[in-house]
Amino acid sequence: MRLALLFGSLTLAFLLTVWTTQTPKPRPADAPAVAFSAARAMIDIQQIARAPHPVGSPEHARVRAYLNDRLTQLGLQVSEQAGPLSPASVKRLERAGGDPGAADNQTVNLIGVLPGKDREQPAVMLMAHYDTVVGSPGAADDSAGVSAILEAVRAIQARGPAERDLVVLLTDAEELGLDGARVFFGGHPLRDRIGAVVNLEARGGGGRAAMFETGREAGPTVQLFRRAAAKADGGATATSIAAFMYERMPNGTDFTVPKDRGIGGLNLAFIGRPDQYHAANATPANLDQGAVQHLGSQALEAADALLRAPSLPGRDENLVYADIFGRWMIAHKQATGWVLLALAAALGGFAAWRARRGAGLTAKQVGLGALDGLWFLTGGVILLQAARLLAGPMSSRAASPDVYYTLLRRLPWMEAGAVLAIVALALLLLTGARRARPRVTGGALAVLTAMVLIVGGFSPVLLGLGVVAVGLSLWSGRDERSAWGGWLGLIALVFVFGCALQGAAPEAALLFVWPVLLAATAAALAAMIDPSLTRPLGLLPPAVTTVLGGAWLAGIGHFVFLGVGMDLPGALALIALLVLLFARPLGPETRTARLMLFAAAACMIAGVGLNVSAQLLAPAPAVAEALP
């Protein structure tokens, strides 16, 4: 029964994840005038992305003239702003095979203004860049963003006059070093009138568009976006974890420039189909039109809400927020995380009390369950880092552009291989097989740790994780384990992680706080139904939460892997640990352990095979040089 519930719950969670990560259906050209239509936007994309158009190229001049005409047709007051390319940008363009001299070392922005009812109020800006890297037509990066803005402007006009001005900024030389944005916000007369910015970007050729960055102290802006995105096709994809992480990464977009000036706003992008990033195959024919619909629809609703608001959102404490299955957004104050943790502690304590009376639960069993979770996390990071190395060398984008783009093509195979590898490790934990053969599991992890450190480069963090994983493997501690102990021990471990992160980074703590609250709730319900945790009805709460919580976490994990999977695949081990929060009590009976061992071996072999075969399935492509 447990085995059926385990695989049934995980299968439903997988299917729900697939459903929630789909892009909305693109609207046709005859969609209502007030709605965003990907089909209408594609007309502009096909014109803009006919060929690569880096700064200084004849095609770049053609695209600029085309966009000037389109902005004029939409009734905007159009102007151009020229400014110098930075010396670093000139060198990057020359190194990539471009000709900065053809553009007189200039960047040329296009600015369009749609007047509002009250021109004294701060204006709202829609921003995207129209240049591409050398060698890529850039249908997604950023022709999709530019065309989505044109279609959004048309729809905004169809909805009637807005309260304040709309400024459209199509920047130049973003691919070289954000030069166009720096020129505008460095001295254009309109720069001080901008009260909020909605920026559109892409890194890839499809997938759901995420709101991954805001201005600082953006609580009111997030609340406005939460309400606006509910009207968008496909809902919203957003989490404060992404905003927190991106703030601390070296990456930058045009949005970085106004953000550093203290201007609020939103940054939207899709990052699926990574093989198309800065690649020759980034053509209109290969572009995911559902991604255009999702990106443009969110941009339209967010910009329209800002334009028609009585006043623009002010600055206040950042909120903790996330979408639920891409359909709803939940947001709360940072301090609320402590309340949720306290509630989780109360529910977990109740479950432990019932389990102690009904199943003889001991503190030692809970402690051993926590150590099992720690073994899984540390061993999972090592395993995933080792599996990742089979797909190609670790290399940063700046250090080795060719390797970077090659690995982007292999990213889907890496993700599939990583999922299978971590599933194999989870099966070893759930069946107790790693405790039955401590020397085998400990030796295997020791070998993998050595491989990671020798092939992938020495890291004291990975060395420490490897030592902990090997040590926990060799110390079996096989006495007094129980289903309740394993489950509540894992909940206790994640609860400790949640408290630590809530204190250090509450915007990111939701990754622990929400799942541990859901798991503690399931444990309390199960304890009320069946304190022995042996009857099918008592296993229903963890089964249901495995479906719902597992799907939510898997969706986050997919986005995280697309973003950092090349260099930090071990992040997926943390997501898997959180999924185990729900699935831990569904571990199969002893009599099915041998079957599960075979399943674990099959998953491990398949995962390794996918990472190795990625080098054959996705060989190095001919791509444009990476530009920071």
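Nothing fancy with the numbering, it's 1 onward along the sequence.
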Strictly under 6.0 Å, is that where the ring centroids of H332 and Y321 end up?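 Aromatic pair excluded; centres sit 6.0 Å or further apart.
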Whether [Y] and [X] form a salt bridge (side-chain N of Lys/Arg under 4.0 Å from carboxylate O of Asp/Glu) is what I want to check.
X: E94; Y: K91; answer: no
X: D44; Y: R70; answer: yes
X: K259; Y: D254; answer: no

Is a side-chain donor-acceptor pair under 3.5 Å present for Q293 with D233?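 A pair is found: one side chain offers a donor N or O, the other an acceptor, under 3.5 Å apart.
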How about R208 and T23: does a side-chain donor come under 3.5 Å of a side-chain acceptor?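 Side chains of R208 and T23: no pair found under 3.5 Å.
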Is the closest side-chain heavy-atom distance between M42 and S147 below 4.5 Å?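 They are not in side-chain contact.
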State, yes or no, whether a side-chain contact exists between P515 and F582 at a heavy-atom distance under 4.5 Å.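 Side-chain contact under 4.5 Å: yes.
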Can you name the one residue among I330, L501, V320 that meets side-chain contact (heavy atoms from CB on, under 4.5 Å) with L510?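 Of I330, L501, V320, side-chain contact (heavy atoms from CB on, under 4.5 Å) with L510 is met by V320 alone.
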Are R64 and Y66 in a cation-pi setup, meaning NZ or CZ lies under 6.0 angstrom from the ring centre and within 45 degrees of the ring axis?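 No, cation not above the ring by the 6.0 Å, 45° rule.
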Cation-pi check, R327 to W19: give yes when NZ or CZ is under 6.0 Å from the six-membered ring centre and within 45° of the ring axis, no otherwise.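 Yes, a cation-pi geometry holds between R327 and W19.
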Criterion ring pair (Phe, Tyr, Trp, His ring centres under 6.0 Å) against W552, the qualifying member of W514, F559, F325: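 Checked W514, F559, F325 against W552; only one passes ring pair (Phe, Tyr, Trp, His ring centres under 6.0 Å): W514.
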